[in-house]
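Below: the structure, in structure tokens.
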Amino acid sequence: MPDKPTFLTRPYLPPLDEFLPYLAEIWESRRLTNGGPFHQQFEEALRQYLGVPHVSLFTNGTLALITALQTLRITGEVITTPYTFAATTHALLWNGIKPVFVDIRRDTCNLDEELVEAALSPRTTAILPVHCYGNPCAADRLQQIADTYALKLIYDAAHAFGVTVDGRSLLEQGDLAVLSFHATKVFNTFEGGAIVCHDAKLKQRIDYLKNFGFADEVTVVAPGINGKMSEFQAALGLLQLKYIDAAIAARLDIARRYREALAEVPGVESIPVAEGVKSNGGYFPVLIGPEYAISRDQLYDEFRRNSIFVRRYFYPLISDLPMYRGIASAAPANLPVATQIARQVLCLPIYPDIESATLEQIIEIVSKSR
Ligand SMILES: *Cc1c(COP(=O)(O)O)cnc(C)c1O
């Protein structure tokens with residue numbers, strides 16, 4: 001008889017009875033969306049929690065990414081990573097922009113900043129890196145390159161909620177940073193997202209763009225989209241914020257447990273957290289090397305036989321998907337590190353209320369298969 005299945009993540013939710021008063025308020029006021037009171041409160045609370053200058057809420061991270069590119073009027077070619085979720089590069093295609101893939105670094109799984117300059121062309125207008133698994137990109141170097149070549153720098157920070165480097169929010173890096181509050185992320189509003197920016201004028205433009213371009217009842221200043229977060233999502237977000245520190249602490253405990261238990265297993269490499277980084281425990285990726293007795297996919301199957309549905313994030317590479325593989329920079333020969341990591345990676349289940357028996361079973365499966 002199969003065990004109760006375990007998935008990569010189990011969305012974190014507050015106690016239901018604490019959410020009911022928020023719902024009662026929405027029902028009473030009939031303010032359902034369009035920047036209502038919960039939207040305003042959540043935006044401000046999030047700005048303070050994250051320690052960033054400005055936040056614009058969105059109904060999901062993908063619309064936030066698409067709008068971030070519109071905000072800075074990005075066109076032509078954009079340098080990005082193949083080792084990410086499809087939404088990163090799909091947002092480029094939705095804007096008629098050509099992605100130019102650059103390989104990643106093995107130690108962080110992020111865009112290799114030292115390969116960026118060689119990939120620039122006269123059509124390059126921006127760099128779109130991803131803080132993969134919440135591991136910080138080499139932000140100073142990337143900013144230096146962006147400044148040198150007058151490029152915009154937009155971070156896909158979907159994995160980076162609450163991550164700090166030397167006490168400062170990672171979300172302050174670049175011209176814009178985009179968050180996702182999807183159910184599977186560290187912090188969720190069922191669906192949701194946000195753009196972090198540095199100045200009030202830019203926030204104003206983002207806020208017009210996410211509301212069809214409306215500046216007032218009769219003035220439309222840009223061909224905007226509908227990216228607005230509803231009051232339901234905002235109210236949930238406000239309540240989720242009360243529990244997020246505890247949720248992240250629980251995730252970090254699990255990550256520590258995995259790290260200790262797997263340190264001695266030959267052929268299993270976990271990705272280090274760099275000095276000065278406060279991680280959010282969003283993911284626990286391991287790389288299955290050639291010294292390991294079975295292949296990554298055999299280990300993946302072994303987990304499935306035990307009803308544990310681990311994920312190969314990120315396999316396949318985005319550059320191998322049909323809508324991208326014709327691009328010259330998508331060639332595997334251009335992306336050797338990403339290609340190898342995509343073959344080796346396995347993300348182990350991590351979520352605040354994972355049962356310790358499940359955790360031990362996962363560790364046992366990795367340890368015995370070697
Ligand atoms: C989740 C995710 C997104 C998309 O966010 P949604 O809120 O699901 O639209 C974008 N980029 C990365 C790297 C993600 O993991």
Side-chain angles (χ1 to χ4, degrees), residues 7-12 42 46 55-70 78-95 97 99 101-102 104 108-111 126-137 153-163 170-171 173-174 176-196 206 210 225-230 232-234 236-237 240 251 271 279-285 311-319 321 324 338 341-342 345 347 350-351:
F7 298 98
L8 187 67
T9 192
R10 187 165 175 270
Y12 190 75
F42 178 42
L46 195 57
V55 171
S56 290
L57 298 173
F58 276 77
T59 195
N60 64 57
T62 303
L63 280 167
L65 270 172
I66 289 171
T67 305
L69 294 160
Q70 287 276 329
V78 169
I79 305 290
T80 194
T81 168
Y83 193 77
T84 182
F85 183 63
T88 312
T89 44
H90 284 359
L92 296 172
L93 291 200
W94 273 70
N95 279 291
I97 296 164
F101 295 105
V102 163
I104 61 172
T108 59
C109 298
N110 289 329
L111 190 69
I127 310 172
L128 177 60
V130 179
H131 299 297
C132 193
Y133 311 129
N135 292 331
C137 291
L153 182 53
I154 301 175
Y155 282 100
D156 181 337
H159 298 178
F161 187 95
V163 175
L170 190 53
L171 305 171
Q173 302 292 350
L176 300 174
V178 178
L179 288 163
S180 165
F181 311 143
H182 182 254
T184 55
K185 303 301 202 278
V186 166
F187 178 87
N188 86 80
T189 56
F190 288 17
E191 294 268 7
I195 302 179
V196 170
I206 295 166
K210 77 175 185 190
I225 200 160
N226 181 2
K228 302 186 304 295
M229 177 180 271
S230 73
F232 181 94
Q233 293 165 289
L236 179 63
Q240 291 278 54
R251 285 173 171 275
I271 295 172
S279 157
N280 61 16
Y283 298 85
F284 197 85
R311 297 294 298 264
R312 292 166 290 191
Y313 279 159
F314 288 99
Y315 165 85
L317 292 179
I318 299 307
S319 46
L321 301 181
Y324 299 105
I341 290 181
V345 73
C347 282
I350 186 164
Y351 48 87

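Counting convention: from 1, in listed order, for ligands and their atoms alike. Atoms considered below: every heavy atom in the structure, side chains included; atoms not considered: hydrogens, waters and symmetry mates.
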Numbered in order shown, the ligand 1 atoms found under 4.0 Å of a heavy atom of Phe85 are 2 (C), 3 (C), 12 (C), 13 (C), 14 (C), 15 (O)

Heavy atom of Cys132, distance to ligand 1 below 4.0 Å = no

If we number the atoms of ligand 1 from 1 as shown, the ones under 4.0 Å from a heavy atom of Gly192 are 7 (O)

Per-atom filter on ligand 1: closer than 4.0 angstrom to a heavy atom of Thr84 are 13 (C)

key: His182-ligand 1 polar pair, N/O distance under 3.5 Å   = no

Check your understanding: What do the steps show when you test Tyr283 against Cys132 for side-chain contact (heavy atoms from CB on, under 4.5 Å), and what is the final call?
Key -> CA-CA 9 Å; Tyr283 298 85; Cys132 193; over 6 Å; no

**Report entry** Tyr283 N/O under 3.5 Å from ligand 1 N/O
**Finding:** no

ask   = Can you find an N or O of Glu191 that's nearer than 3.5 Å to an N or O of ligand 1?
value = no

With a 4.5 Å limit on heavy-atom distance, are the side chains of Val345 and Tyr83 in contact?
yes

N or O contact, Leu65 vs ligand 1, cut-off under 3.5 Å
no

Given the options Ile195, Asp156, Leu128, Thr67, Leu176 meets side-chain contact (heavy atoms from CB on, under 4.5 Å) only with Ile195

So for Thr62 against ligand 1, with non-hydrogen atoms under 4.0 Å, the contacting part is both

In ligand 1, the atoms that come under 4.0 Å of a heavy atom of Ser180 are 1 (C), 5 (O), 6 (P), 7 (O), 8 (O)

Heavy-atom proximity to atom 12 (C) of ligand 1 ranks first, among Ala157, Gly193, Ala158, for Ala158

Would a 4.5 Å heavy-atom cut-off, applied to side chains only, mark Tyr155 and Val178 as touching? no

